[in-house]
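Report on one structure; see the data block that follows.
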Amino acid sequence: MQGTEYGDEALKQAMKTELKQRLLEAEKEHRPLRIYCGFDPRKADLHLGHTVPMNKLRQFQDCGHEVTFLIGNFTSLIGDPSDKDILRPQLTPEEVAENGRTYAEQAFRILDPKKTIIRYNAEWLSKLSFADLIKLASNFTVQQFLTRENFKLRWEKGDAIYLHETFYSIMQGYDAYAMRSDVQVGGTDQLFNIVTAARKVMTYMGEKPNIAIILGILPGTDGVVKMSKSLGNHIPINTNAEDMFGKVMSIPDSAMPTYSRLITRWTPADIKVIEDGLKDGSLHPRDAKMKLAREVTASFYGESEADQAQDAFIRLFQKHDVPDEVPETIISRDQSLLDILVACQLVGSRSDGRRMVEQKGVKLDGVVLTDGKEPLQHEGVLQVGKRHFVRVKFA
RNA sequence: GGGCAGUUACCCAAGUGGCCAACGGGGACUGACUGUAAAUCAGUUGGCGACACGCCUUCGGAGGUUCGAAUCCUUCACUGCCCA
């Protein structure tokens with residue numbers, strides 16, 4: 001139950017007890033538990049926040065349970081109302097297929113591909129009739145939706161709440177029923193969908209309600225707000241080891257416990273050792289964060305790449321050296337510095353380049369350059385800011 | 001269907017005829033400092049440029065009024081509220 005967050009101790013205890021019972025039942029029936037988590041194929045770019053439930057799925061997988069990675073290609077026509085952007089255009093079937101594919105690909109950095117079942121919820125949702133929907137919907141009241149935090153806020157603010165958004169929960173509940181799910185994993189923003197909607201729908205359809213594993217929300221690099229791409233505080237999965245390592249290093253110290261619990265492979269005992277070390281001063285916060293960054297990076301890119309990323313980080317930010325691998329660009333001898341900066345994409349525009357030069361952010365082999373109009377005196381490593389390098393050579 | 005309010009740069013949000021490339025906040029970027037790309041402080045944050053506050057593009061879309069508009073008018077689109 002590490003990293004879970006129910007916001008209500010009674011609910012947590014209830015789920016814990018139910019999970020134990022269900023495990024015993026399954027054992028008697030000689031079957032694994034059916035676990036699933038749904039993913040919205042709207043956004044193909046996954047970040048660490050998305051991997052929180054995947055880590056939990058992986059744990060179940062390692063215990064021999066049956067894990068389904070459900071791609072919500074039908075529900076994505078609506079968009080989860082817990083998302084702020086409700087007015088995004090509908091995706092074409094091609095886009096959904098493509099996103100779903102890349103989604104699964106990224107997910108398999110964590111999940112075991114051989115043990116993971118991939119399903120699409122259009123398989124059953126597209127077959128429901130209007131009459132079916134009415135019957136399902138009759139289990140819910142408008143008040144239940146209006147007391148939900150995200151609808152409540154929008155209601156109070158006078159923002160739009162579309163009727164079809166309420167279907168989202170019902171559909172998700174039907175997913176759980178259609179798959180005869182034992183356990184459903186999701187973030188705290190899924191509490192209503194999993195606990196209220198899914199359990200209600202399953203009970204109504206004559207099935208045993210699924211057990212909710214509700215996980216905490218991973219804060220972004222600011223350490224406070226939920227990680228999201230639109231807020232610009234995300235750490236993407238499809239990047240490289242060095243970038244991921246660095247980005248994890250940039251989280252505030254206060255976010256370390258949450259990261260440790262939600263996105264590492266560490267056991268509660270492992271985490272306790274680190275936290276005790278921090279408490280009694282035997283472990284430096286910076287070193288603790290390095291461990292964390294290394295662990296997170298290793299879980300995606302493997303141990304050796306993570307080690308290399310750590311070395312590069314130390315060299316670059318603690319010793320201020322040039323990184324090992326620097327992209328190389330051939331330039332002509334008479335190009336002005338500004339032209340070179342733009343050509344190497346070290347700056348966004350010439351105006352941007354001028355600013356960088358004025359702010360003493362442009363260096364050639366460690367020496368600050370002050371004139372953007374001049375060509376370079378010699379070949380070398382051109383640096384903009386702390387972390388953008390290009391090795392320039394004359395043609 | 002009717003009435004009212006709104007649509008501003010990456011996001012939030014001022015601005016109601018010239019001093020607006022547009023206050024402020026967030027974010028991002030640069031520098032100093034440091035235990036890191038943290039915190040703090042300072043600066044920058046449309047593009048071009050012979051670097052002169054000179055030119056070009058931007059304030060939902062399209063027209064119009066005016067020497068001159070983000071600011072006024074017309075119209076279209078979208079959103080919210082109230083009434084039906």
Side-chain angles (χ1 to χ4, degrees), chain A residues 45 48 83-89 151 153-163 165 219-236 239-259 274 277-278 281-297 306 309-323 336-339 341-343 345-363 366-374 382-389:
Chain A
D45 238 359
L48 288 185
D83 249 344
K84 278 188 288 180
D85 312 324
I86 52 169
L87 291 173
R88 279 182 288 193
F151 281 134
L153 288 176
R154 278 157 63 186
W155 177 266
E156 284 165 359
K157 270 179 69 187
D159 284 348
I161 299 171
Y162 290 90
L163 193 56
E165 290 183 77
T221 47
D222 56 278
V224 182
V225 190
K226 173 183 175 180
M227 182 176 287
S228 94
K229 191 179 177 185
S230 55
L231 289 172
N233 64 356
H234 70 302
I235 303 179
T239 173
N240 56 59
E242 287 183 25
D243 184 60
M244 183 175 281
F245 189 96
K247 286 211 162 76
V248 174
M249 284 304 287
S250 79
I251 66 167
D253 294 355
S254 59
M256 281 163 52
T258 313
Y259 272 61
I274 293 175
L278 285 172
S282 62
L283 181 62
H284 193 291
R286 180 203 51 216
D287 297 331
K289 204 181 289 178
M290 288 256 210
K291 265 177 168 338
L292 174 66
R294 211 205 74 91
E295 161 60 19
V296 172
T297 308
Q310 175 159 340
D311 289 345
F313 184 87
I314 291 172
R315 199 164 50 239
L316 191 52
F317 297 108
Q318 292 189 296
K319 299 184 185 157
H320 300 288
D321 278 353
V322 175
S336 74
L337 174 57
L338 281 178
D339 288 331
L341 291 175
V342 173
Q345 297 186 317
L346 286 168
V347 297
S349 68
R350 312 189 93 244
S351 300
D352 189 26
R354 263 184 219 101
R355 271 176 232 127
M356 291 304 160
V357 173
E358 273 170 31
Q359 292 173 151
K360 304 194 191 312
V362 180
K363 290 177 199 159
V367 179
V368 175
L369 299 177
T370 53
D371 193 341
K373 283 177 305 197
E374 288 294 310
L382 196 56
Q383 177 181 3
V384 173
K386 288 193 177 76
R387 52 203 157 111
H388 300 293
F389 301 87

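Throughout, protein chains are lettered first and strands after them, A, B, ... in sequence-line order, and every chain is numbered starting at 1.
- The 5' end of RNA chain B is approached more closely, in terms of each residue's nearest nucleotide, by A:Val362 than by the other of A:Val362 and A:Lys247.
- Taking the salt bridge (charged side-chain N to carboxylate O under 4.0 Å, His left out) definition, one finds that A:Asp371 meets it with nothing, sequence neighbours left out.
- Taking the C1' atoms as reference points, B:G6 lies 15 Å from B:A70, given to the whole Å.
- Here A:Met249 lies in heavy-atom contact (under 4.0 Å) with a base.
- Nucleotides B:U57 and B:A22 are separated by 14 Å at their C1' atoms, to the nearest Å.
- Taking atom C1' in both B:C53 and B:G46, one finds a spacing of 16 Å when rounded to whole Å.
- Across the interface with RNA chain B, nearest-nucleotide mapping of A:Pro285 and A:Gly385 shows A:Gly385 to be the residue nearer the 5′ end.
- The base of B:G43 sits within donor-acceptor range of the side chain of A:Gln359, with an N or O pair under 3.5 Å.
- Base pairing annotation: B:U75 forms a Watson-Crick or G-U wobble pair with B:G61, both donor-acceptor distances under 3.5 Å.
- Following rounding to the nearest Å, A:Asp243 (CG) and B:U36 (C1') show an atom-to-atom distance of 15 Å.
- Within the shown strands, nothing qualifies as a pairing partner of B:A9 under the Watson-Crick or G-U definition with both distances less than 3.5 Å.
- Across the C1' atoms, B:U8 and B:U16 are found 13 Å apart, a figure rounded to whole Å.
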Using the 3.5 Å cut-off, write out each protein N or O paired with an N or O of nucleotides 48-53 of chain B and the distance between them.
from  : atom 1 : to       : atom 2 : distance (Å)
B:C48 : OP1    : A:Arg350 : N      : 3.0
B:C48 : OP2    : A:Arg350 : N      : 3.3
B:C48 : OP2    : A:Ser351 : N      : 2.6
B:C48 : OP2    : A:Ser351 : OG     : 2.6
B:G49 : OP1    : A:Arg350 : NH1    : 3.2
B:G49 : OP2    : A:Arg350 : NH1    : 2.6
B:G49 : OP2    : A:Arg354 : NH2    : 3.4
B:G49 : N7     : A:Arg354 : NH1    : 2.8
B:G49 : N7     : A:Arg354 : NH2    : 2.8
B:G49 : O6     : A:Arg354 : NH1    : 3.0
B:C51 : N4     : A:Lys373 : NZ     : 2.2

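- Using C1' as the reference atom, B:A9 and B:C33 are 32 Å apart when rounded to the nearest Å.
- Counting distance only, with no hydrogens placed and no angle test, the side-chain atoms of A:Asp287 and the base atoms of B:G35 include no donor-acceptor pair under 3.5 Å.
- B:A37 and B:A28: their C1' atoms are spaced 13 Å apart (whole Å).
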